[in-house]
Visitor: 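Mind looking over this structure? Questions follow.
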2 protein chains.
Amino acid sequence: MAVLEAVSAHPHATADTIAEGARASIGTVSKQAVYNALGTLSEKGIIRRIQPAGSSALYEDRVGDNHHHLICRSCGKTVDVDCAVGGSPCLTASHDSGFAIDEAEVIYWGKCPDCRKA
Amino acid sequence: MAVLEAVSAHPHATADTIAEGARASIGTVSKQAVYNALGTLSEKGIIRRIQPAGSSALYEDRVGDNHHHLICRSCGKTVDVDCAVGGSPCLTASHDSGFAIDEAEVIYWGKCPDCRKA
DNA sequence: TCAAGAACTAGAATTGTTCTATTTTGAGGT
DNA sequence: ACCTCAAAATAGAACAATTCTAGTTCTTGA
């Protein structure tokens, strides 16, 4: 529960940050307890795990609405974006090679406003 | 050059596999030489590096045609798919939050024909 | 031929995550 | 209340991919 709350409170946080958040509300929690909880929660579909290139895994509780992510190449800032194409469209690849596709993960890479200034 | 050839010969291979490929054509190459070469090549845009969740980095030389990937959740098999939406459309997120977007990375997750049978 | 910079090597170091063995906790039954 | 058993937590080791570092070897231009 504490882990779930921490994920809710810090969207797109790393396991480490979430562990800190959980500790803030409960006291002591081991790293592994957090990993276990995160693992179970994302397995059950209650939270989502994203693993952008060049960073550790991030977790969020916004789930089931087919939204995507926009990540800054310089500072790593991550924001949600709604699916450009509506509903859950991306699930149709042009040619599926016989695969049964169950998810389309979209990551937009770019530069955030702050980093553009600098 | 040997590294580039190895990437060409084994699309979607890991750094390790590419190192083996390079060694097969040249003799001995250190792991770091390979990482250096891969780093420079992808920095210059000659090859592309993809880092799917739960696997190490993969490299490919098909570049600049806005294609995406379809990965099997069970066996990790990776195939190319052309962009569902044509040209380079995905570059437009519904709302860009002020970011300067330069790439849209799409990964379709599913089950390959072989794993569906099993 | 020589010097200077680039690339290469080997091996240690780092980081995020997972594994394993041991301990603690909590629920149900007596 | 007490005991037992399973589930969850702990601590710390283990692991794998990648990066860093220091020293050596090549290559190229003068």
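Within every chain, numbering begins at 1; the chains are lettered A, B, ... in the order of the sequence lines, protein sequences first and strands thereafter.
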Visitor: Could you check whether any side-chain heavy atom of A:Asp80 comes within less than 4.5 Å of a side-chain heavy atom of A:Glu60, counting everything from C-beta outward?
Guide: yes

Visitor: Grab the CD-P distance between B:Gln51 and D:dT18 for me, whole Å please.
Guide: 7 Å

Visitor: Taking it one step at a time, do A:Lys111 and B:Asp102 satisfy salt bridge (charged side-chain N to carboxylate O under 4.0 Å, His left out)?
Guide: CA-CA 8 Å; A:Lys111 239 176 185 186; B:Asp102 61 59; over 6 Å; no

Visitor: State, with a plain yes or no, whether a side-chain heavy atom of B:Asp114 is found less than 4.5 Å away from one of B:Lys117.
Guide: yes

Visitor: Below 4.0 angstrom, N of the basic side chain to O of the carboxylate: do B:Arg62 and B:Asp82 qualify?
Guide: yes

Visitor: Would you kindly give the OH-to-P distance between B:Tyr35 and D:dA17, to the nearest whole Å?
Guide: 7 Å

Visitor: Taking ring-ring contact (aromatic ring centres under 6.0 Å, His included) as the test, write out the residues that go with A:His69, two or more places apart.
Guide: A:His12, A:His67

Visitor: Any chance you could pull the hydrophobic cluster mates of B:Ile50, using side-chain heavy atoms under 4.5 angstrom and chaining through other members?
Guide: B:Leu58

Visitor: Return the 5'-most residue of the pair B:Ala37, A:Arg49 with respect to DNA chain C, ranking by each residue's nearest nucleotide.
Guide: B:Ala37

Visitor: I'd like to know whether CG of A:Asp16 has more than 12 heavy-atom contacts from other residues, nucleotides or ligands below 6.0 angstrom.
Guide: no

Visitor: Using whole Å, report how far CD1 of B:Ile18 lies from C1' of D:dA17.
Guide: 14 Å

Visitor: Is it true that A:Glu103 and A:Arg48 have a side-chain N and a carboxylate O under 4.0 angstrom from each other?
Guide: yes

Visitor: Taking only residues two or more places apart in sequence or in another chain, which ones pass side chain to side chain donor-acceptor pair (under 3.5 Å) with B:Ser97?
Guide: none

Visitor: Honestly curious: do A:Phe99 and A:Val106 fall in one hydrophobic cluster under the side-chain, below-4.5 Å linking rule?
Guide: yes

Visitor: Base, sugar-phosphate, or nothing for B:Thr14, non-hydrogen atoms under 4.0 angstrom?
Guide: nothing

Visitor: Under 4.5 Å between side-chain heavy atoms, counting indirect links through other Ile/Leu/Val/Met/Phe/Trp/Tyr residues: same cluster for A:Leu41 and A:Val63 or not?
Guide: no

Visitor: Separation of A:Lys31 atom NZ from D:dC15 atom P, in whole Å?
Guide: 16 Å

Visitor: Using a strict heavy-atom distance below 4.0 Å, which residues from residues 53-60 of chain B are in contact with DNA chain D?
Guide: B:Ser56, B:Ala57

Visitor: Take nucleotides 20-25 of chain D nucleotide by nucleotide from the 5' end and write B, S or -, depending on whether a protein heavy atom sits under 4.0 Å from the base, only from the sugar-phosphate, or from neither.
Guide: B-----

Visitor: Taking any atom under 4.0 angstrom from a heavy atom of chain B, which nucleotides of DNA chain C are the first and last to qualify, 5' to 3'?
Guide: C:dT9 to C:dG11

